[in-house]
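Here is the structure we will look at.
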Amino acid sequence: MTELRRVDPKTLVPNPNNPRKTQPDPRADHQLALNIKTVGLIHPPCVRELEDGQLMIVAGRRRVRACIAAKLTEIDVHVRSGDEKSDTMVAVAENIVRADMTESEQWRGVLDMRAKGATDTEICRSFMVTPAYLRGLMLLSQMHPPIIAAIDAGIGPSFQERNAIARAALERQRDVWAEIWAESADEGSDPADYEMSREDATHFDWSEFVRYLDQVELYARNYETAKEAGVVWEEDLFGQGGEDNRYCTQYAAMFKAQQIWAEKTRPEGTIYPQSNEYGEGIAPDGYRKVGSWEMERDGDIPTIWVNPRTLQIQKGRLRELGEQSTRRTESDALSLPSAQNPEKPKERADISGTGLKIIGEVRTQALRAALAAARESVDPWDLIGAFLLALSADNVNIHGDNTYDPYGAASERDRAVASVFPEGVLVRDPAVLRNAALAVLSSFMNCEVSMHSGSGLPAQILGVLFNADAHMPTMAFEDFLKTYSKPGITKAVQAEGLEEKPTGKAMREALMAHVGEKRWVPEPATFAAGIPAWKAKIKKQAARAAARAQLDAQTEEDDEIDDQSSDMELCDEQDVAEADEETLTPEEDVSAEDTSSVSETTSSHTELPDDPRIPTQLAELARKMPEHLEIIMV
C-alpha cells in the first residue's frame, strides 16, 4: 500500500542504512536543484512512516536534498508500508538499476519537446544543458543509425569528428559504412546496418572514416592500382578531353589497391613501414628516417608506403642507429625524431600529470608550514643558504608571489623591507630579520608544476633544509590515488607489503584501508625525492664548466701559438729587409773580386728572356734580389 502525501522536505529523516556511501558531486546536486526549481519535482521520493510518526526516506534522498536547496516548502512523497528488509531492497534496486539517458534518448526527447512547442531556451533549462550541447545532440539527426548506436555505446566519434560526419550526406555515410564492414556483417545481412562492437572499436579509426567521406571521386590517372583489389571504375562523361576520366568512390578498395601495388612493385630489401595520422612513414625502433637533403649511404634501407590521406605511394630511406647515434637521438633536441612502433604502446607513467600537480600543491603547503615553524629558531647561515637557493629558483625574476597586488597594495617583500629598513638603516634585530626573511621566502617559493611561476628543484631542496617532509599530510585519499596508473598503484601497494589486486580500484581501496588514520606519503611525493635530480643537475653544471674552461684554455693556447708565429714572421721580414739593405746599398765599399762575382750573378739573372708567362713584378724582384730569388724556365 502506498499513499501520496504533501509534506515539508525538511521534516523527512534520512535512512541510516542507505547503500550509497559515496559523496555526491556538488555540481550535480546544484544542477538537480535548478532543474527542480524550473520544472518541479517529477518523481516523488519514497518514504516509510516510523513508530514515532516521522517519515524516513527509503529512496530519493538526493531529490529531497535538491528540493531543500531549491527552497521548496512542500513536496509530494509516496508513503509505503514495509520493513527494513524491503526498504534496503528498494534502495539498492534504485541505485543499481537506474542509468543515465543515452544521447540518442536525449535527442528524441528534444525532438518530442520541440514538437510540442517548446523553445530551445526552455529545453536547455529543463535538461540543464548549454545551447552548444543541444546543438551537438541535433547532429545525431544527420547521422547514419549505426553511428548513433556507437555513440550510445561510448565508442563513437569525437565532437569534432561528429561535425565532419554530419556534413556528409546520409547516403554517402551509408555507402562508406557498408564498404568498411562488408566482410564483418553476417551472411545475408546488409553491411550498411552493421553495428560495431567494442572489440571492433579497438581497431576502428573514426578519423579514417571521416577521410573516406571526404574522398568522393578518385580518378584513375592519379593512382597506380592493382586488379586484385576489385576497384570498379566509372567514366566521368563531363571530364576534360584527352585525359583518363575513369574514377571510383570506393576509398577503402582504392587504399587496398594501392597497398597491393606497393607490395608487388617494391624492390627486394625494401621495408613497408606503418604510417602516422599525417601520412608520414614511421621509423621502427633502432632506425631513423633519412632526410631528402642527406647523402645516400650503402647501408640505407629503402622504404615504400601508402599515404592514407592522399592515397599516394611514397618512398623514403631508413638508416640504422649506432650506439652513439642512439644516445644522440635520445638527448639531442636537434636530432631527427623517430616515431615509436605503434604496435608497442608507450607505458604510462606511474603518476599522471594531475597527480604531479596535486603533489606540487601539497608540497607547497608543507613547505610554508615548515618555514613558519622555523621562524623562532632558524640558523642565520641556513637563512643565507635559503636565500641563495631562492635566487637560483626558476621563478626569479620573481613571478608567482602570492602577496603581489597589481593594484598597488604592498606585497610581503615590500612589508619585509619596510620592517628591516624603516629609517633607511638596517634594523639588526635577529627576530625581525628572521620573520621578514622567512615571510618573503614563503611568499614566492613553491613546488607547483608551472612553466613560469613554479620554483622547481630549489624549492624541494629548501624543503629538505627545513624538514618539510615532517609537515606532509597523508596522501592516501581517493582523488590522489586515482592519478596512479595500474603499474604505479601496484608498486605502491607492494611497497606496503600488500598483495596485488586484479583492478586498480581494488588496490586503491586496499591501500586506504591498510593506511587507515596513519600518515602515508609515497616516496615520489617527498621532498627528499628531489635530491638525486639536484645532484645530477650540479654534476651537469660542473661538467659544462669544466668543458668551458678546457675550451678557454685551448683557445688561449692557440692564441699564444698564433702570436709566436706572428713574431717569427716579423723577425724573418726584418732579416730580409736587412739583407736587402746590404745588397742594394750603393755606398758600401766592396773589393774588385766581390764586385766581379756580384756582377756575374746579376748578369745571369738580368739576362732573362721576355716571356709572357712570367709576371713583370716577379722578374723585377728577381733582378733586385739575386741571392734570394731565381726564376727557372721550364
Looking just at side-chain N and O atoms, do Ser104 and Asp152 make a donor-acceptor pair shorter than 3.5 Å? yes
Write down the atom of [X], the atom of [Y], and the distance for their closest heavy-atom approach.
X	Y	value
Cys447	Gln460	SG-N, 4.5 Å
Asp479	Ile358	O-CD1, 4.0 Å
Ala33	Ala69	CB-CB, 4.0 Å
Val210	Ala164	CG1-CB, 3.6 Å
Tyr194	Ala185	CD1-CA, 3.9 Å
Ala468	Ala366	O-CB, 3.7 Å

Please assess Met138 against Arg114 for the test side chain to side chain contact (heavy atoms under 4.5 Å, CB included), listing each intermediate value before the final yes or no. CA-CA 12 Å; Met138 296 313 300; Arg114 281 183 173 175; 3.1 Å; yes
Considering only heavy atoms from C-beta outward, does the side chain of [X] approach that of [Y] to under 4.5 Å?
X	Y	result
Glu3	Glu49	no
His471	Phe527	no
Trp206	Ser158	no
Val521	Asp469	no
Met472	Val362	yes
Leu170	Gln173	yes
Leu4	His78	yes
Phe444	Ser453	no

Quick check: does any side chain N or O of [X] sit under 3.5 Å from a backbone N or O of [Y], one acting as donor and the other as acceptor?
X	Y	result
Arg162	Gly156	no
Asp193	Pro191	no
Thr130	Tyr133	yes
Arg48	Met56	no
Asp76	Leu41	no
Arg363	Thr526	yes
Arg375	Asn435	no
Ser442	Leu438	no

How many angstroms lie between [atom1] in [X] and [atom2] in [Y], if you round to the nearest 0.5 Å?
X	Y	atom1	atom2	result
Phe209	His144	CZ	NE2	8.0 Å
Ser197	Ile155	OG	CD1	7.0 Å
Glu195	Ile147	CD	CD1	11.5 Å
Arg65	Ile36	CZ	CD1	10.5 Å
Ile351	Ile489	CD1	CD1	9.5 Å
Arg167	Leu139	CZ	CG	10.0 Å

Do the side chains of Asp190 and Arg174 get close enough for a salt bridge, i.e. N-O under 4.0 angstrom? yes
Do other residues, nucleotides or ligands put more than 12 heavy atoms under 6.0 Å from Gln160 CD? no
Quick one: do Glu171 and Asp175 satisfy side chain to side chain contact (heavy atoms under 4.5 Å, CB included)? Show the steps, please. CA-CA 6 Å; Glu171 189 65 26; Asp175 291 344; 3.7 Å; yes
Side chain to side chain contact (heavy atoms under 4.5 Å, CB included) between Leu137 and Glu103, worked out: CA-CA 7 Å; Leu137 287 179; Glu103 291 190 46; 4.1 Å; yes
Just list the side-chain donor-acceptor pairs under 3.5 Å for residues 494-508, sequence neighbours left out, or say none.
| residue | atom | partner | partner atom | Å |
| --- | --- | --- | --- | --- |
| Glu496 | OE2 | Trp520 | NE1 | 3.1 |
| Thr503 | OG1 | Ala506 | N | 3.2 |

Might you work through the side chain to side chain contact (heavy atoms under 4.5 Å, CB included) test for Ile151 and Met143, ending with a clear yes or no? CA-CA 11 Å; Ile151 293 173; Met143 291 187 185; 3.9 Å; yes
Which label fits Phe204 and Trp181: parallel for a plane angle under 30°, tilted from 30 to 60°, or perpendicular past 60°? parallel
